[in-house]
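Working notes, structure below.
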Amino acid sequence: MRDATPEQDQTIYLADYAPVPVTVTHVDLQVRLDPLATRVSSRLTCIRQGPGDMVLNGELLKLRAVRLDGEELSPDAYSLTDTTLTILNAPDSFLLETEVEIAPQTNKALSGLYMSNGMYCTQCEAEGFRRITYMLDRPDVMATYDVQIDADLPVMLSNGDETGHGHWRDPWPKPTYLFALVAGDLIATHDSFTTMDGRDVALNVWVRPGDEGRTAYALDSLKRSMAWDEKVYGRVYDLSVFNIVAVDDFNMGAMENKGLNIFNSKYVLASPETATDADFANIERIVAHEYFHNWTGNRITCRDWFQLCLKEGLTVFRDQQFSQDARGFATQRIGDVLNLRARQFREDAGPLAHPVRPESFVEINNFYTATIYEKGAELIGMLRTLVGAEGYAAGCALYFERHDGQACTIEDWLACFEAATGRDLTQFKLWYTQAGTPVVKVTEHFNDGTYRIDLEQVIPDTPGQANKKPMPIPLAFGLLAQDGSEVVGTQIHELTSETDHLSFDLDAKPVLSILRGFSAPVILDFVQPDAERLTLLAHDTDPFNRWEAGRALAKDRLMRAVTDDADFDAPWLDAMTTLATDTDADPAFRALALALPSEDDLAQSLHNADVVPDPDRIYAVRRAAQLAMAEHLRDDLSDLRESNATPGSYDPKAEDAGKRALSATLLRLQTMLDGGKAARAAYDVANNMTDRMAAFACLLDAGDETVAHSFEQDWQDDRLVMDKWFMAQVAHAAPRDAVGVADRLTRHRDFDASNPNRFRSLIAGLTGGNPAGFHNPDGTGYEFLASWLLHLDKSNPQTSARLSTAFDGWTRYDADRQAMMKAQLERILGTTGLSRDLSEMVIRMLKA
Ligand SMILES: [Zn+2]
């Protein structure tokens, strides 16, 4: 029988959580693969744990049979809707069998079982398993699995260990979202790892034939991750095989399915010729991240999707620690903070702001956000600062011991740290429930040998939240003398109330270095004299704050150039030159310090200062600042690039990558002066993709009309390199041409909107890569984005919803731009057949 789906408010609330009345402890699946008619037979071992009917989830399934303890169920013993199968009056324990049919080839949403280049693969997080068979598709139902795959294909993989041809058994209870299945014509690169308790684990990276030469770095990263997690967290791998599969069509970066990680091929495949340093660093980080999930996510999972930060915040923090160990603390931390500010601070300042643990959602896929991931990771870092390294280790150890095999909450996590350290974390929990980036106001006073710092925290109102309570903010700080020597080394002050102050007896006013290492995810409201910032830039013992001082100086100048037409002054340009030429400093650090704040960062900062940002003006001012830096450094540029060359064969190691990053920064400056001459020479001799892309971008900036064509000739058969080609042309087009370039590229024979990487390259090339182009005053950028979101939404709502966030800053801009963006958002919302994903996002953005 089939009831109509009732029309109802689709909002799901954390407060409504209740355990299932009937749970599933074992899943036995048989999957007979066929592109248009895959048969999935499931046998669920069910046990009652409370009163109520068993409601299984299912979407786009053709139900062929349903049996209870071997008997065909009569139509009055169950009910069926488009999204549920309800077993009425189920007994206390029973075996539920269903047979369904699905069509993976027509699944373009890339959720559930689908096909990519002839290969079968799955993506079940968050709610994809319900598109494979009827099941309690929620993370607090953890079951063991036996899976039999039947197909005439050379490789057939699922979770756990292989116990027969196409038969896989996963002994570790897991929720549905960690289920995976892969089948097709694949080739593996093999390696092995011996665990610290002496077990051999087979490691395989599976790719399409022809890609097997590009798996070495992913395998190496995996082995280093396994060793690191043993050493730092005492976590050991728990199966005899670990498989990674590279898939071309994938909505996310990668997925931590138990024993069978599925990756976007962009984050697996790398060779010096085709991948940049950034690609290598991403592969290392993401391989580590997914591997670390084996304990933080898989062995201990989330009770419900509101707790997503429990696995993601913690695992991002762990992968950041790993990358810091692999690549150096300072540059990694600066990179992570740049990312946090660009994505999470922006989100937290706009209509999409939400707490790290949200209270409600319509579509969970819309909450895989920078707030859950990146701010979630910052909360773990603050917790570690507050309880200390030893307390943190003790709390983690208790968490792994107490909750292994369970589906947990943030409360469970925090309780382990309270138990292990005796610290009350009640106030700290506010960080999980209150949205918005706190602003910490800092004012200094120096009188008669007393230096006093006044502190005040303000947490802004966000959608649905006002009048927030003060949170505990760990402020790492130190004091320098005016000559740059350190007077007070790093201390932690916990700001727990709305206002607070610190006093020191000192002979002279010191230079304050506050929020060292970015010890809390807050915005500092602190006006510091240029002379003191220059002292910090030159002498601070905390490398993060050295960089931050340079950043503040640059941002200040750029903002004054926008608002008052101010010139770029000699002291600042001298400081930049000193940095660029400081051979004692790490090249990676110098590259970061020479990079100017992004256009979006400036737009938000101007908006915060009650100035309506003009994207064209911001673009022009940034170019002018680069030109001023270039002219100031004119005589040094060639020599500096030469001294940072990395001759010989390419090595992705951090040291060389830092030199290449500095060299690319300098090449950009050089291009401002020579119209692309040096870039052309660099392009012609490049022996790796990092140098090639850097020169390519400079040539596009310089308006070179031939380089795009020759690049395409060289790389047209490489889909990952071609993604870069699509993106760079849009990002480096002159702002007035950007929409036209993007539009022209959508008609290129290799543009395929159904491939998320390709689609994202082109769209984000405009919205993120070319803000002045996206915000073209004629509104064509907005119309272009809206049209493509509507196009993609029909097949892939997850990706259309995610890319719609380019509109989230719409209320920052002038009345004309606001009206045009609002009109496009309303146009999207007025379209019939809109997905739940995209409509939720647009409704939230329009509420601004
Ligand atoms: Zn993750």
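Counting starts at 1 for both ligands and their atoms, following the listed order.
For the pair R327 and E284, the salt-bridge criterion is met [side-chain N within less than 4.0 Å of a carboxylate O].
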- Message: side chain to side chain donor-acceptor pair (under 3.5 Å) for H293 and E312? Distances and angles first, verdict last.
- Response: CA-CA 8 Å; H293 266 315; E312 293 305 343; 3.2 Å; yes
| said: Run the side chain to side chain donor-acceptor pair (under 3.5 Å) test on S598 and D600 for me, step by step, so that the C-alpha distance in whole Å, both residues' side-chain angles and the decisive distance to 0.1 Å come before the verdict. | reply: CA-CA 5 Å; S598 71; D600 190 66; 5.5 Å; no
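Listed by chain and number, the protein atoms of type N/O/S under 2.8 Å from the Zn ion (ligand 1) are H289 NE2, H293 NE2, E312 OE1, E312 OE2; waters are omitted.
Annotation: F306 is in aromatic contact with F361 [ring centroid separation under 6.0 Å].
Counting only heavy atoms from C-beta outward, the side chains of I262 and T122 approach each other to under 4.5 Å.
In this structure, a donor-acceptor pair under 3.5 Å is absent between the side chains of N257 and Y177.
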